[in-house]
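Here is the naming used below: chain letters follow the sequence lines, and residue numbers restart at 1 for every chain.
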There are 2 protein chains.
Amino acid sequence: MHAHSDGRPTERKLMARKSSRSTSFDVAALAGVSQSVVSRAFTPGSRIADETRTRVLEAALKLNYVPNSIASSLTTKRTNIVALIIGNLDNPFYVHVLHTFSRRLQEQGRQVLIFTVEPNSESDEAIMHLLKYQVDGVVLTAAQLSTRMISLCHDRGIPIVLFNRYIPGSDASGVRCDNVAGGALIAEAFLAAGAQNFALITGDLKGTTSGDRVRGFVERLLDGGVKRSNIVEVHGHSSYEGAFNATIKLIRDKNRVRPDALFGVNDIMAMGAIDALRHRLGLRVPDDIMVGGFDDIPEGRRLPYQLTTVRQPIEQMVNETLSILHLDDPTEPIARGIDRPIKGRLIWRHTIPVPPAYRGEADVTKSED
Amino acid sequence: MHAHSDGRPTERKLMARKSSRSTSFDVAALAGVSQSVVSRAFTPGSRIADETRTRVLEAALKLNYVPNSIASSLTTKRTNIVALIIGNLDNPFYVHVLHTFSRRLQEQGRQVLIFTVEPNSESDEAIMHLLKYQVDGVVLTAAQLSTRMISLCHDRGIPIVLFNRYIPGSDASGVRCDNVAGGALIAEAFLAAGAQNFALITGDLKGTTSGDRVRGFVERLLDGGVKRSNIVEVHGHSSYEGAFNATIKLIRDKNRVRPDALFGVNDIMAMGAIDALRHRLGLRVPDDIMVGGFDDIPEGRRLPYQLTTVRQPIEQMVNETLSILHLDDPTEPIARGIDRPIKGRLIWRHTIPVPPAYRGEADVTKSED
DNA sequence: TTGAAAGCGCTAACAT
DNA sequence: ATGTTAGCGCTTTCAA
């Protein structure tokens with residue numbers, strides 16, 4: 001930096017401004033080495049004598065020096081920041097997802113820049129922001145995104161992967177639960193338990209997730225000989241409240257027979273449905289009507305619910321996502337058009353009577369997660 | 001975006017690497033202006049002819065140019081990034097807090113860097129990381145932090161405020177609910193409802209939050225003539241499960257009379273207690289034992305719980321926090337030692353019988369939040 | 001109003 | 001192993 005004189009020119013910056021952060025130059029001066037040595041001292045595999053490194057580190061400690069990542073990003077072109085766009089924190093499932101990503105990424109020494117977008121609004125604006133911050137990668141979950149933005153990211157060399165969502169035919173990559181198969185799992189459970197009239201509470205209509213679960217569910221029922229007219233669909237808006245209200249309307253509809261099985265396309269909706277059934281409609285679950293969910297959120301395991309559901313293997317899905325991102329070697333070309341469906345598993349609890357064939361599988365108490 | 005010919009000497013950078021991001025120089029070249037004009041075009045209040053600005057903006061659009069915030073931070077010394085350290089995403093209250101901060105900050109065009117720390121671990125490491133990223137401010141909630149780290153931040157000119165926590169005698173600033181007064185509110189409700197034997201499920205012992213609520217609660221009871229021996233305390237570890245287990249142990253303890261009022265020091269614990277009481281211990285709430293909570297999380301408003309609780313005014317607390325941070329003028333000296341307690345409000349629902357004096361206040365149905 | 005030039009704090013060749 | 005030097009992409013004087 002500027003003028004400094006003779007032997008130990010440490011004073012200058014130290015006296016400078018009250019809260020000024022010290023730089024590698026200050027440390028270099030104090031340690032009596034060149035600035036690049038300081039840089040090396042903080043770079044794991046670099047050529048530097050152990051003895052020098054400790055001396056530098058000591059000096060750094062004395063000056064409360066912390067390397068400026070912003071500055072280093074400028075040259076390395078890596079920020080070690082991953083953006084997470086998340087569209088629905090009201091569903092504990094996504095909180096869990098957030099937590100899992102955050103933990104993993106922190107373990108790797110990466111930072112998470114979070115963007116919450118309101119349900120049903122696009123994330124395009126968020127993308128513009130994170131583009132400015134040169135993030136190393138983007139994970140998008142429970143939110144919409146235009147394909148234009150996806151290619152904008154890709155063009156700039158920023159990989160983006162959709163979590164629990166995919167855009168057929170686009171070149172966005174995604175990791176998701178095998179929702180079709182999962183929906184079928186619930187259908188099978190209902191069938192095995194002897195249900196005959198079915199209701200579905202659907203979620204977000206824009207994504208593929210809800211649609212796939214519905215499809216897998218319905219197809220399996222039809223395969224099982226159920227008539228299409230014995231399957232009703234109502235819209236639960238992916239939320240507890242939406243499902244709660246939809247359930248009340250559904251059951252009070254005098255024009256149709258009451259379903260004896262209800263599939264909440266995600267757990268939080270299944271919970272809303274259960275509460276409506278029990279506390280508003282005076283019905284017993286599963287005696288009067290059985291209920292199935294999807295996700296396996298911890299809340300669904302609690303005693304008031306004990307929800308039979310399909311477990312999404314979050315850890316595994318997060319790992320897949322991260323591996324597609326290729327965070328640690330940016331030279332790797334961006335993975336395009338990958339659609340990685342991962343099988344979920346049926347967890348038997350108490351909202352669907354366990355048929356004899358399945359006894360012993362039931363997870364009656366708490367989680368083992 | 002490759003080749004294009006003619007006059008404008010745009011080619012240089014454009015042809016460079018495949019996914020290279022274009023810089024202000026590229027835009028300048030295409031628009032036929034100097035690089036500093038491009039910078040001005042993207043700086044709101046700067047001196048630049050309208051006509052020039054539009055021309056630059058058009059060029060930028062054509063090149064998919066997005067200003068590099070990392071680079072600008074280097075000179076401006078502002079990143080527009082705020083770090084949020086959050087210690088407990090298992091409690092929906094803090095998810096709500098996170099969401100509120102995130103929304104507010106995004107409205108202001110700021111980014112949120114999130115750090116999740118495991119319960120009972122210190123956030124010191126997180127601080128070291130965010131120091132590297134030169135964040136403009138730090139909010140810490142539901143987590144521990146050494147005073148050493150606080151002064152480290154302060155020394156570097158990074159303001160930090162504790163949300164719902166304070167460290168007496170330190171110069172960290174904090175915003176919190178008036179927990180002592182809130183605890184007293186629940187005590188009063190119990191007293192008014194005629195309770196005589198009290199139990200407390202306490203939370204995190206390290207923070208002040210749980211302790212303050214306990215203190216306010218106990219003091220108010222003693223004031224009301226309750227004997228100290230009629231108040232039991234058990235540890236619920238701030239979690240649903242912790243409270244669930246603690247409640248079972250407490251009630252099954254044959255050596256003491258069964259309490260007729262139980263204060264879960266936060267809602268999630270009150271919910272755990274309620275589930276244990278009803279589904280494990282066969283007790284009715286509030287008939288056999290009344291329950292009070294704290295926070296007013298949406299989950300507590302649901303029909304299986306309808307929890308009487310103290311509402312924390314999150315929006316207001318977030319606003320206070322942000323204002324203490326002085327994000328928009330960094331010249332402002334860092335606020336030290338501020339402790340801003342904000343009054344909570346008792347929300348009557350169904351887990352404490354509503355005494356005649358309070359009728360009409362009851363919030364029987366859903367939220368108005 | 002615009003342009004030229006000097007950094008911001010760091011990394012990465014390239015010399016030594 | 002260490003020092004020197006040239007940037008990274010931007011903002012910000014200072015001149016024109």
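For the residue pair A:N164/A:T141, the side-chain donor-acceptor check at 3.5 Å is not satisfied. When only modelled atom types and interatomic distance are considered, A:S102 and A:Q106 share a side-chain donor-acceptor pair under 3.5 Å. Side-chain contact, B:R21 with B:N64: no donor N or O sits under 3.5 Å from an acceptor N or O.
DNA chain C lies under 4.0 Å from at least one heavy atom of each of the following residues of residues 40-53 of chain B: B:R40, B:R47, B:I48, B:A49, B:T52.
Residue A:S34 places at least one side-chain N or O under 4.0 Å from the OP1 or OP2 atom of D:dG3. A sub-4.0 Å separation between OP1 or OP2 of C:dT11 and a side-chain N or O of A:S39 is present. Using a 4.0 Å cut-off, some side-chain N or O of A:K77 falls inside it from OP1 or OP2 of D:dG9.
Counting any heavy atom pair closer than 4.0 Å across all strands shown, A:V33 reaches sugar-phosphate atoms only and no base atom.
Taking atom CD1 of B:I70 as the reference point, atom P of D:dC10 lies 11 Å away to the nearest angstrom. One atom, CG of A:L74, and another, P of C:dT11, lie 11 Å apart when rounded to the nearest Å. Following rounding to the nearest Å, A:L131 (CG) and D:dG9 (P) show an atom-to-atom distance of 15 Å. One atom, CG of A:N68, and another, C1' of C:dT11, lie 12 Å apart when rounded to the nearest Å. Straight-line distance from the OH atom of B:Y133 to the C1' atom of C:dC10: 13 Å, rounded to whole Å. Atom NZ of B:K132 and atom P of C:dT11 are 11 Å apart (whole Å). Protein atom CD of B:Q35 is 15 Å distant from nucleotide atom P of D:dT13, rounded to whole Å.
Where A:R55 and B:S72 meet DNA chain D, the nucleotide closest to each residue was compared, and A:R55 sits on the side nearer the 5' end.
For C:dA12, its base never sits under 3.5 Å from the side chain of A:T76 at any donor and acceptor pair.
Taking all atoms of both residues into account, the shortest heavy-atom contact from A:S123 to A:L140 is OG-CD1, 3.6 Å.
A centroid separation of less than 6.0 Å is found between the aromatic rings of A:Y65 and A:F42.
The side chain to side chain contact (heavy atoms under 4.5 Å, CB included) search around B:T147 returns B:I167, B:S170, not counting sequence neighbours.
Note on A:D339 versus A:R176: salt bridge recorded, some NZ/NE/NH1/NH2 to OD/OE distance being below 4.0 Å.
Atom CD of A:Q35 sits about 9.0 Å away from atom CZ of A:R40, to the nearest 0.5 Å.
In this structure a side-chain-to-backbone donor-acceptor pair under 3.5 Å is missing from B:S24 to B:S39.
Relative to the side chain of B:S36, the nucleotides D:dT11, C:dC10, D:dT12 differ in distance, and D:dT12 lies closest.
Axis orientation changes by 30° from one end of the helix from C:dT1-D:dA16 to C:dT16-D:dA1 to the other, with each end axis drawn from 5 pairs and the value rounded to 10°.
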